[in-house]
Amino acid sequence: MAKHGSSRRRRAQEAPQQPRDRLAEIQAEIRDVQQQIEAQRREACVIRTPEDLRARECSIAALTNKLAGLLLAEAMQASTDDPGNRSKARSLSQGAGHTIKDQGRRDVTLRTTCGQVEIRLAYFSRNCDRDKAGKGMYPLLVLWGVHDRCTAGIVSEISKLVAILGSLEEVEQVLFDRGQPLDIKTIRALAYRFATRARAAQRVGSLNWGETVAGRRVVLSTDGGRIRIRTNKRGPKTAKGRNRYRTDWREPKLLIIYVVDEVGHMNRDFLAVIDGTLGGPDAIFKLMEFYLRELNIATADKILFVADGARWIWNRVRALLQRLEIKPEQTNELVDFYHAVEHLGKIAALQHRWTGADRQAWIGRQRRRLLKGRVEEVQAAIKVLCGSRPSKALKREREYFNRNAGKGRMDYARVAALKLPIGSGAIESAIRRVVNLRLKGPSIYWHKNSAEAVLLLRSYYKAGRWNHLERQALTTTTGIAA
């Protein structure tokens, strides 16, 4: 007993350890790196070969990246003592749902665009959870938009690579080559959560882009692509303990909103809006309505809705325009001219007694009539071919022209005279660039949530609006911190 008592007395007599001054440590590291950079600068180095140049380039980049990371760490560490930040952090901790207390400062390693940095931050948790990992929070990280121990900059960079490259394995390799090794699981989690935060900003309300289409000529379009969605089957697993699954084809639907100039060419001064979803027709039209309200579409000079003849599109267009309170004289509806010609080809192909030359001549004649605005003559020609007892295929094609012509969606001469496009090539190109070149391919199957995330990332990247997506993700974080 005396032995234990003496040990307790010795511990009580020991002087308490001074709190670690992480800011001073960072500043010392900065001075050390600066000295190394200065030494390299003064070093007499003659570059004679490509290998010499490459080695010099790598050594300088390594030092400057390390210095950049330390400078960022210094700024972050100094900011932890700011009274305003401490007040906001404490206020944020009080909204955690239960009483949590400041458990002191702890070392935190963060990933940044300059590499990993280590700082000391106040850790908040319940007293009973002070020694349990993952049970507390660092309010300042939430305030700064740091998720999963990664700054907003590195998360945006990783998410952009996920949008650009063909697979997560390629992203992993690129990051490894840059000296920022991450495993596929981490890459996937960072990118998909980034997309989730950006999408959440849309659900909350306005995007505050500060853009408008007032007085402009706007073209709207939507269409669908094809990808395979992986769905787990019920029942026993495989011998290796894996879930059995099926891979059904699904149609991701995309939208595009862009502006054309006086001659009908896409105006490059206005970045197109591209987005997509697997939610179905109602979901894509709801998304389009959201963007059109953001752009104040009611103030546009002229609006053209052009798409193929799919009924899921045209059954919803009029209701969309009415909800947006767009005047009828502002709008034009048009079935894509080249899809219409494709249907003419299907009709000609059903005339089995015709030669190839006969079919081409008939298609060319009807094509010219459509361009000249003589759609009634095209309908009459189709009616003649149908006769008194048309086949189901002919009836379907005849109904396609009667339905769309009757709604005024085949007045190509009038729309062309307005210097507006008569084709939906923009949305077809978007589907190829967003869906086909990233999400579709042999043996490529997606979970629905994963496909939704990559659709959003890829759409914004291809539209040139990545900075908007970054702001949306940060807006969600700012809202939580506020």
Side-chain angles (χ1 to χ4, degrees), residues 217-224 256 258 260 263-266 281 302-321 328-431:
R217 295 143 54 84
V218 184
V219 181
L220 321 174
S221 191
T222 183
D223 204 352
I256 187 169
Y258 63 99
V260 295
V263 294
H265 297 158
M266 186 180 288
K302 293 189 184 305
I303 302 166
L304 171 65
F305 199 112
V306 58
D308 63 23
R311 296 194 184 192
W312 69 264
I313 297 175
W314 295 109
N315 288 345
R316 292 169 172 81
V317 171
R318 294 286 174 89
L320 170 68
L321 299 177
E329 57 269 21
Q330 287 178 274
T331 63
N332 297 276
E333 298 177 14
L334 199 69
V335 169
D336 173 55
F337 173 75
Y338 304 99
H339 277 87
V341 173
E342 184 179 334
H343 282 270
L344 291 175
K346 291 179 180 179
I347 294 173
L350 293 170
Q351 308 307 307
H352 304 297
R353 296 182 180 180
W354 286 4
T355 64
D358 292 336
R359 292 189 181 96
Q360 290 301 320
W362 187 85
I363 294 171
R365 188 160 53 251
Q366 309 314 319
R367 188 179 188 276
R368 289 189 291 274
R369 286 173 173 172
L370 283 177
L371 286 174
K372 293 178 181 179
R374 292 151 52 186
V375 66
E376 296 83 2
E377 296 179 20
V378 176
Q379 290 176 272
I382 296 171
K383 184 176 181 180
V384 170
L385 293 181
C386 288
S388 58
R389 299 180 63 183
S391 65
K392 289 184 178 179
L394 274 175
K395 282 183 180 179
R396 184 171 58 250
E397 299 303 326
R398 181 181 64 186
E399 174 60 22
Y400 171 87
F401 280 91
N402 290 343
R403 180 177 66 253
N404 289 301
K407 297 288 186 179
R409 300 178 192 139
M410 287 187 163
D411 197 349
Y412 301 107
R414 184 179 62 83
V415 173
L418 293 173
K419 301 298 182 181
L420 292 171
I422 61 172
S424 58
I427 189 65
E428 301 287 348
S429 174
I431 288 172

Pair Glu333 + Arg318: basic N to acidic O under 4.0 Å:
yes
Which atoms form the tightest heavy-atom contact between Ala348 and Trp362, and what is the distance?
CB-CE3, 4.2 Å
Residue among Lys395, Glu397, Lys383 satisfying side chain to side chain contact (heavy atoms under 4.5 Å, CB included) with Pro390:
Lys395
Would you say the side chain of Trp312 lies within less than 4.5 Å of the side chain of Thr222, judging by non-hydrogen atoms?
yes
Tell me, do Leu418 and Lys302 make a side-chain contact under 4.5 Å, heavy atoms counted?
yes
Would the distance check show the side chain of Ser221 and the main-chain N or O of Val306 forming a donor-acceptor pair, the cut-off being under 3.5 Å?
yes
Would you say the side-chain atoms of Arg374 pair up with the backbone N or O of Leu370, donor to acceptor, closer than 3.5 Å?
no
Please check if the side chain of Arg403 supplies one atom and the backbone of Arg398 the other of a donor-acceptor pair under 3.5 Å.
no
With distance as the sole test, does Asp336 use its side chain to make a donor-acceptor pair with the main-chain N or O of Ser424 at under 3.5 Å?
yes
Identify the heavy atoms of Tyr412 and Ala340 that sit nearest to each other, and give their distance.
OH-CB, 3.6 Å
Least distance between heavy atoms, Val260 atom then Val219 atom:
CG1-CG2, 3.8 Å
Could you pull out the closest heavy-atom pair between Pro421 and Tyr258, with the gap in Å?
CG-OH, 3.8 Å
Go through the steps for Asn315 and Arg311 under the test side chain to side chain contact (heavy atoms under 4.5 Å, CB included), then give the verdict.
CA-CA 6 Å; Asn315 288 345; Arg311 296 194 184 192; 3.9 Å; yes
Non-hydrogen side-chain atoms of His339 and Glu428 separated by less than 4.5 Å:
yes
Determine yes or no for a side-chain-to-main-chain donor-acceptor pair under 3.5 angstrom, with Ser429 supplying the side chain and Ala426 the backbone.
no
Supply the atom-to-atom distance Ile422 CD1 to Arg414 CZ, rounded to the nearest 0.5 angstrom.
13.0 Å
Between the main-chain N or O of Asn332 and the side-chain N or O of Arg409, is there a donor-acceptor pair closer than 3.5 Å?
no
Test item: side-chain donor near acceptor, Gln379 and Asn402, under 3.5 Å:
yes
Hey, does Leu304 have a side-chain heavy atom less than 4.5 Å from the side chain of Thr331?
no
When rounded to the nearest 0.5 Å, the distance separating CZ of Phe401 from CD of Glu376 is 13.0 Å
Using atom types as modelled and distance alone, determine if a side-chain donor or acceptor of Arg359 lies under 3.5 Å from a backbone N or O of Gln351.
yes
Hey, does Phe337 have a side-chain heavy atom less than 4.5 Å from the side chain of Arg367?
yes
Minimum heavy-atom distance Glu377-Arg369, with the two atoms named
OE1-NE, 3.3 Å
Any side-chain heavy-atom pair of Lys419 and His265 under 4.5 Å:
no
Distance, nearest 0.5 Å, that separates CD1 of Ile313 from CG of Asp223:
5.5 Å
Smallest heavy-atom separation, Val335 atom then Asp308 atom, equals CG1-C, 4.4 Å
Rounded distance (nearest 0.5 Å) linking atom CG of Leu321 with atom CD1 of Ile303:
7.0 Å
